[in-house]
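Take a look at the structure below.
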There are 2 protein chains.
Amino acid sequence: MAASPFTTDTHPLIRHLASVATLSEEEKHALLSLPMQVMELRADQDIVREGDRPTRSCLILQGWACTFKMTGDGKRQIMGFHIAGNIPDLQSLHLTVLDSSLGTMSPCRVAFIQHEALHALCEQHYGIARALWRVTLADAAIFREWIMNVGRREAHSQLAHVLCEMLVRTKAVGLARDHTCEITVTQQELGDATGNSAVHVNRVLQQLRRDGLISLESKTLKALDWEALKAAGDFDPTYLHLKHPERDAA
Amino acid sequence: MAASPFTTDTHPLIRHLASVATLSEEEKHALLSLPMQVMELRADQDIVREGDRPTRSCLILQGWACTFKMTGDGKRQIMGFHIAGNIPDLQSLHLTVLDSSLGTMSPCRVAFIQHEALHALCEQHYGIARALWRVTLADAAIFREWIMNVGRREAHSQLAHVLCEMLVRTKAVGLARDHTCEITVTQQELGDATGNSAVHVNRVLQQLRRDGLISLESKTLKALDWEALKAAGDFDPTYLHLKHPERDAA
DNA sequence: CGAGTACTTGACACGTTTCAACATCCGTGG
DNA sequence: CCACGGATGTTGAAACGTGTCAAGTACTCG
């Protein structure tokens, strides 16, 4: 393990965990002393695939990734986006077979952590088990919200909703300011996340821009009218289960 | 707590937990000695509501329940169905505020378990924490599959898929035989689960019946052609993370 | 500078929604 | 036990959101 450029409180993992759970100093140090294998990945690469039986989980250190599946007839559905600090396949700690794939959306730096090491830490510090469990439950809450987004909202509202979520989640880990964040997502990916075609996403994004709600270009997403965007997306950040909602959601 | 009519291995909770996790005899006994407050509920009653901060979780002993949310403009989305043995709001053990509601679909017998008691058991037996964590992860896997179902499948396929899931899950806890189970679900509820209107569900169900895939009447669902139903629903039970897939899925 | 990827636009097809009317089932009270 | 009333299921026609196809434009990176 190389010397980390991060202190306890600036490490992406700790930033993310602290945004949804509570950790003691001792637990933070224990987490950061986990052996991690760091790798650089290009955009659009699979990290793990549906059907795999991994012996380690993947921590995103930098960049954007997503969980997805393919239907039998080749249509892709994205179930969630992942940013620095997230452990998108943490569930494989307890579920043997992966039921979905994980891929990069941008160039990414990721760290692999052996399940063995995580299990040991969880048995040793129940507080860490509780925090990681809580993180997986918050992830599940996001899945629930996405079911509603995909099932019961129109494309206009769906897109506003996922953009709101991206802004709040990046802000909660210190990656956004002034309703602005760096993001690497294609219109095809936004379509795969909302159950729409890329063509339709294109038209709806133009509408959102025309209405003065957002700007989205050259990898920068900006909410020009946050309140209106929230309203358009029927967005209430409660489901993100953030520890400091007032600070993170504003 | 009244004397239970169940032995260790016939209690719905143990049946369900054992279908997705591994428990020692000691852990089973510890779970069944949890203090539970049993209640009978009528159909279409809310058990807990979005926004609540419960101090207990709800174990379904008999009947069908569902998790749902309402959009800002009053459309309902069901995120999952629940049967005997499920603890649909187990996440409230670690997430303070409920982000979705839980309601009965049929008359139900439910048991409430105080979080306090569950926490104590989890700290005492790490195996129980691991099993309950795993159950919540399997629930999350179902949410992921539903995102795909709602986002990328057509109504015909969506309905076949949820019916397949119901048959496999009831079978896994001993509530189905010969691809047949007792079920209490209206066409409106199937629509709310798949993101369709009740009218369209009606037409699609007729098609499924006409094609000889199912019969669904007087609270009995029967797969008349299981292989064809699975194919229509693009159904692969891997995402249910059952311990005995060969036995349960057949 | 070239090539591939991402974005944009238009026309048409299709799945699904909505509305409205009607039939049927089922539990309940008389 | 029957009659009633509300919930549930059924049907048709028209409207609407979104998908598909196809062609063209504009990035972006090596």
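Throughout, a chain's letter reflects where its sequence line sits, starting with A, and its residues are numbered from 1.
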Look at [X] and [N] and indicate whether a side-chain polar atom (N or O) is within less than 4.0 Å of OP1 or OP2.
X	N	result
Gln187(B)	dA7(D)	no
Arg42(B)	dT28(C)	no
Gln206(A)	dT9(C)	yes

How many whole angstroms separate atom [atom1] of [X] from atom [atom2] of [N]?
X	N	atom1	atom2	answer
Gln207(B)	dT10(D)	CD	C1'	15 Å
Lys75(A)	dT18(D)	NZ	C1'	12 Å
Asp44(B)	dA7(D)	CG	P	10 Å
Met105(A)	dT5(C)	CE	P	17 Å

If we count only N and O atoms by modelled type, under 3.5 Å, do the side chains of Gln187(B) and Asn202(B) hold a donor and an acceptor together? yes
Are a donor atom and an acceptor atom from the side chains of Thr194(A) and Asn196(A) found within less than 3.5 Å of each other? yes
With Thr67(B), the side-chain hydrogen bond (donor to acceptor under 3.5 Å, both in side chains) member among His82(B), Gln91(B), Gln77(B): His82(B)
Ion pair check, [X] and [Y], cut-off under 4.0 Å:
X	Y	value
Arg56(B)	Asp89(B)	no
Arg152(B)	Asp192(A)	yes
Glu145(B)	Arg153(B)	yes
Arg109(B)	Glu40(B)	yes
Arg49(B)	Asp52(B)	no

Go through residues 189-197 of chain A and report each residue with a non-hydrogen atom lying under 4.0 Å from DNA chain D, sorted by number. Gly195(A), Asn196(A), Ser197(A)
Neighbours of DNA chain D within residues 148-167 of chain A, by heavy-atom distance under 4.0 Å: Glu154(A), Ala155(A)
Could you run down nucleotides 24-30 of chain D 5' to 3' and tag each one B, S or - for protein heavy-atom contact under 4.0 Å? -----S-
Of Val204(A) and Ala198(B), the one whose closest DNA chain D nucleotide lies more 5': Ala198(B)
Has the side chain of Arg209(A) got a donor or acceptor atom sitting under 3.5 Å from an opposite partner on the base of dT8(C)? no
Per the atom types in the model, does the base of dG17(D) pair as donor or acceptor with the side chain of Arg203(A) at under 3.5 Å? no
Side-chain contact check for His200(B): nearest option of dT17(C), dT20(D), dC7(C) is dT17(C)
Given dT8(D), dT8(C), dG9(D), the nucleotide with the shortest approach to the side chain of Asn202(B): dG9(D)
Okay, side chain of Thr104(B), backbone of Gln45(B): is any donor-acceptor separation there less than 3.5 Å? yes
Take the C1' atoms of the five end pairs on each side of the helix from dC1(C)-dG30(D) to dG30(C)-dC1(D), get both axes, and report the angle to 10 degrees. 60°
Contact between Leu242(B) and Val168(B) at the side-chain level, heavy atoms closer than 4.5 Å - yes or no? yes
With Arg169(A), which residues qualify under salt bridge (charged side-chain N to carboxylate O under 4.0 Å, His left out), at least two apart? Glu165(A)
With a sphere of 6.0 Å drawn around NZ of Lys75(A), does it hold more than 12 non-hydrogen atoms of other residues, nucleotides or ligands? yes
Return the set of residues passing ring-ring contact (aromatic ring centres under 6.0 Å, His included) with His161(A) (not counting sequence neighbours), or none when no residue passes. Phe235(A), Tyr239(A)
